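Since the model is a prediction, treat every value here as computed from it, not as a measurement.
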Amino acid sequence: MIREYKTIREVASPLMMVKQVEGVTYDELAEIELPNGETRRCKVLEVDGDTAVVQLFESAAGINLKESKVRFLGHTLQLAVSEDMLGRVFDGMGKPIDGGPDILAEAHLDINGLPMNPAARDYPNEFIQTGVSTIDGLNTLVRGQKLPIFSGSGLPHAALAAQIARQARVLDDSSNFAVVFAAIGITFEESEYFVQEFRRTGAIDRTVLFTNLANDPAVERIATPRMALTAAEYLAFEKDMHVLVFLTDITNYAEALREISAAKKEVPGRRGYPGYLYTDLATMYERAGRRIGKKGSITMIPILTMPEDDKTHPIPDLTGYITEGQIILSRELYRKGIVPPVDVLPSLSRLKDKGVGPGKTREDHAGTMNQLFAAYAKGKEAKELMTILGEAALTDIDKLYAKFAEEFEKQYVSQGNETNRSIEETLDLGWELLSILPKAELKRIKTEHIEKYLPKK
């Protein structure tokens with residue numbers, strides 16, 4: 001039921017106060033009609049008695065308190081969904097911006113979605129191949145997982161995200177696979193990069209792209225990831241597709257949340273972010289997963305730039321609590337020319353053990369993964385020792401470990417943004433590097449696997 005009011009009492013962009021309202025609910029969508037007939041959208045943020053505080057999606061310029069009318073539409077923000085979304089580019093509010101026609105909707109879905117009942121969740125345990133060795137080999141991504149990328153300002157997370165989105169696939173080729181990509185608060189240049197990159201490689205055909213630019217209103221930034229997740233839920237749970245969702249950059253999302261919280265005069269929490277930042281992020285992240293009885297799944301890769309490269313900043317800190325691991329990009333590796341600069345040792349996929357092994361990747365995967373981690377850690381220690389005390393202070397075995405660490409970074413970690421390695425290629429490369437070390441040092445791998453896979457010198 002649409003209700004119309006001419007009782008606007010105050011406008012303090014981006015908020016507006018409407019008096020003498022009836023039956024208005026939280027998060028309800030509304031329209032303001034200006035005296036010249038122009039309409040702007042807004043949503044209800046707060047209802048107190050007969051007073052509603054609404055938040056504008058566009059500028060407040062030109063709103064005449066006496067003459068402007070507010071219409072409450074009786075429903076929350078919705079997204080028109082259908083399979084035709086694949087291959088299309090939308091703005092942050094779900095409107096097509098690629099010059100194509102509007103979507104012929106099969107349904108209009110509330111963008112806030114429905115929380116997944118924990119009892120209805122299926123455990124993530126199937127391997128997704130990204131073509132990136134440091135992820136596939138050492139921090140395996142599993143279907144239904146939430147695995148964020150922690151980056152820093154100026155590091156090539158956009159190129160890594162585009163690479164994974166292009167290359168990712170499930171090994172059982174009969175499955176439908178799709179990518180939903182939400183770019184939140186990015187520059188026009190970055191937005192164009194993603195669109196052109198997907199078009200260049202043909203990946204756009206299986207991708208739904210939402211782009212919210214840095215000059216779009218902050219409130220739109222709050223809606224964009226939810227639009228993307230609504231599209232993902234529709235494709236996964238109605239159309240039985242395996243959907244990989246990218247949300248970049250979560251830091252821009254949290255900044256918008258802080259801006260809106262300050263406009264509402266809420267009591268700030270840590271570093272000025274609202275106290276409900278954790279809950280708010282959880283409402284997005286927890287929409288990923290697998291449902292019992294449904295063939296489709298949603299796997300999520302949120303990307304965030306850590307302010308001042310600080311892992312203890314509230315955004316990476318809270319994201320780490322809610323998600324299942326993290327891929328950390330290293331400034332030091334990037335300076336050395338290693339691309340993608342994934343810092344292997346602090347990176348972690350908490351579900352990696354569930355997605356590897358016979359029938360999923362290969363029987364030797366778990367052992368080689370643990371051995372590569374251990375050898376690289378030892379090699380880095382040896383290199384640090386060499387820097388302080390000189391090469392003469394190292395034993396022969398330490399020198400081999402130092403050489404291993406050097407080659408590991410050059411060959412395994414650094415693969416560029418165009419190389420797409422299969423899981424077999426990644427595992428074989430791991431064995432090639434382990435052959436630098438004496439066989440007696442390979443204590444974490446079963447003897448039969450060493451006999452079968454270690455290259456004979």
Side-chain angles (χ1 to χ4, degrees), residues 12-16 25-32 40-47 52-60 73 75-80 90-95 97 109-115 148 180-187 191 208-233 245-269 271-288 300 302-305 314-315 318-319 322:
S13 187
L15 304 182
M16 187 170 76
T25 57
Y26 171 72
D27 236 13
E28 188 174 335
L29 201 58
E31 284 179 348
I32 304 156
R40 294 180 193 168
R41 291 198 297 174
C42 53
K43 72 169 184 174
V44 177
L45 275 189
E46 209 174 291
V47 183
V53 176
V54 299
Q55 180 166 12
L56 297 156
F57 287 126
E58 292 127 301
S59 125
L73 305 180
H75 61 77
T76 55
L77 201 51
Q78 294 178 327
L79 177 68
F90 301 88
D91 68 7
M93 297 300 280
K95 288 182 189 155
I97 52 169
L109 302 180
D110 178 353
I111 66 160
N112 296 303
L114 288 170
V180 174
F181 202 102
I184 308 160
I186 61 169
T187 62
S191 165
V208 185
L209 193 60
F210 292 85
T211 61
N212 161 265
L213 299 181
N215 62 343
D216 289 331
V219 64
E220 190 176 303
R221 234 168 323 292
I222 306 299
T224 304
R226 290 180 168 81
M227 292 274 174
L229 286 162
T230 304
E233 283 170 345
V245 178
F246 289 85
L247 305 176
T248 177
D249 182 336
I250 292 294
T251 302
N252 294 338
Y253 171 84
E255 298 288 347
L257 207 62
R258 178 164 70 175
E259 190 181 318
I260 289 161
S261 172
K264 285 157 73 179
K265 297 186 171 60
E266 290 174 338
V267 178
R271 305 249 186 138
Y273 293 97
Y276 51 80
L277 179 63
Y278 177 90
T279 319
D280 193 278
L281 290 173
T283 60
M284 294 196 305
Y285 296 151
E286 290 300 334
R287 288 171 76 172
M300 188 188 292
I303 299 169
L304 56 92
T305 45
I315 305 167
L318 297 177
T319 294
I322 307 164

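Between Q55 and I260, some side-chain heavy-atom pair lies under the 4.5 Å cut-off. Contact of the D216 side chain with the F57 side chain is not registered, since no non-hydrogen atoms from C-beta on lie closer than 4.5 Å. A heavy-atom distance below 4.5 Å is not found between the side chains of I184 and D249. Counting heavy atoms from C-beta outward, P14 and V219 have side chains that stay 4.5 Å or more apart. Two residues are said to be in side-chain contact when any heavy atoms from C-beta on lie closer than 4.5 Å; L29 and T76 fail this criterion.
By the side chain to side chain contact (heavy atoms under 4.5 Å, CB included) test, V44 pairs with V24, E28, V47, V54, F72, sequence neighbours left out. With sequence neighbours left out, the salt bridge (Lys or Arg N to Asp or Glu O under 4.0 Å) criterion links R40 to E38. Applying the ring-ring contact (aromatic ring centres under 6.0 Å, His included) criterion to F181, with sequence neighbours excluded, gives F194, F198, F246. The side chain to side chain contact (heavy atoms under 4.5 Å, CB included) check on T187 picks up E189, E190, with sequence neighbours excluded. Evaluation of the side-chain hydrogen bond (donor to acceptor under 3.5 Å, both in side chains) rule for N112 yields D27, D110 as partners, not counting sequence neighbours. Here A288 pairs with K146, I298, M300 under the side chain to side chain contact (heavy atoms under 4.5 Å, CB included) rule; sequence neighbours left out. Listed by chain and residue number, H313 satisfy the ring-ring contact (aromatic ring centres under 6.0 Å, His included) test with Y273 (two or more places apart in sequence, or in another chain). In terms of the side-chain hydrogen bond (donor to acceptor under 3.5 Å, both in side chains) criterion, residue partners of T283 (sequence neighbours excluded) are, by chain and number, R226. Here T230 pairs with R287 under the side-chain hydrogen bond (donor to acceptor under 3.5 Å, both in side chains) rule; sequence neighbours left out. For T319, the side-chain hydrogen bond (donor to acceptor under 3.5 Å, both in side chains) partners at least two apart in sequence or on another chain are Y285. With sequence neighbours excluded, the residues forming a side chain to side chain contact (heavy atoms under 4.5 Å, CB included) with A60 are V11, S13, L56, I63, listed by chain and number.
For the residue pair A182 and A228, the shortest heavy atom distance occurs at CB-CB, 3.6 Å. Across every non-hydrogen atom of A223 and M93, the tightest pair is CB-SD, 4.0 Å. A30 and L73 get closest at one heavy-atom pair: CA-CG, 4.3 Å. Here the shortest heavy-atom pairing between T211 and S191 reads CG2-OG, 3.6 Å. Closest approach of L277 to P314, counting heavy atoms only: CD2-CB, 4.4 Å. The two residues S261 and Y276 have their closest heavy-atom pair at CB-OH, 3.9 Å.
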Practice prompt. Kindly determine whether I111 and Q78 satisfy side chain to side chain contact (heavy atoms under 4.5 Å, CB included), including the steps that lead there.
Written response: CA-CA 5 Å; I111 66 160; Q78 294 178 327; 5.7 Å; no
Discussion item. Side chain to side chain contact (heavy atoms under 4.5 Å, CB included), that's the test. Do F90 and M227 meet it? Break it down for me.
Written reply: CA-CA 10 Å; F90 301 88; M227 292 274 174; over 6 Å; no
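A distance of 8.0 Å separates CZ in R41 from CD in E31, rounded to the nearest 0.5 Å. Annotation: the span from L45 atom CG to K43 atom NZ amounts to 6.0 Å, rounded to 0.5 Å. With values rounded to the nearest 0.5 angstrom, E286 atom CD is found 11.5 Å from T279 atom OG1. Rounding to the nearest 0.5 angstrom, the gap separating the CZ atom in F210 from the OG1 atom in T224 is 9.0 Å.
The salt bridge (charged side-chain N to carboxylate O under 4.0 Å, His left out) analysis of residues 256-266, with sequence neighbours excluded, yields the pairs E255-R258, K264-E266.
Across D280, I315, N212, a single residue satisfies side-chain contact (heavy atoms from CB on, under 4.5 Å) together with Y253, and that is D280. Considering I250, T251, T248 in turn, T248 is the only one that fulfils the side-chain contact (heavy atoms from CB on, under 4.5 Å) rule with I303. Just one of L229, V245, I322 meets the side-chain contact (heavy atoms from CB on, under 4.5 Å) condition when paired with M284; it is L229.
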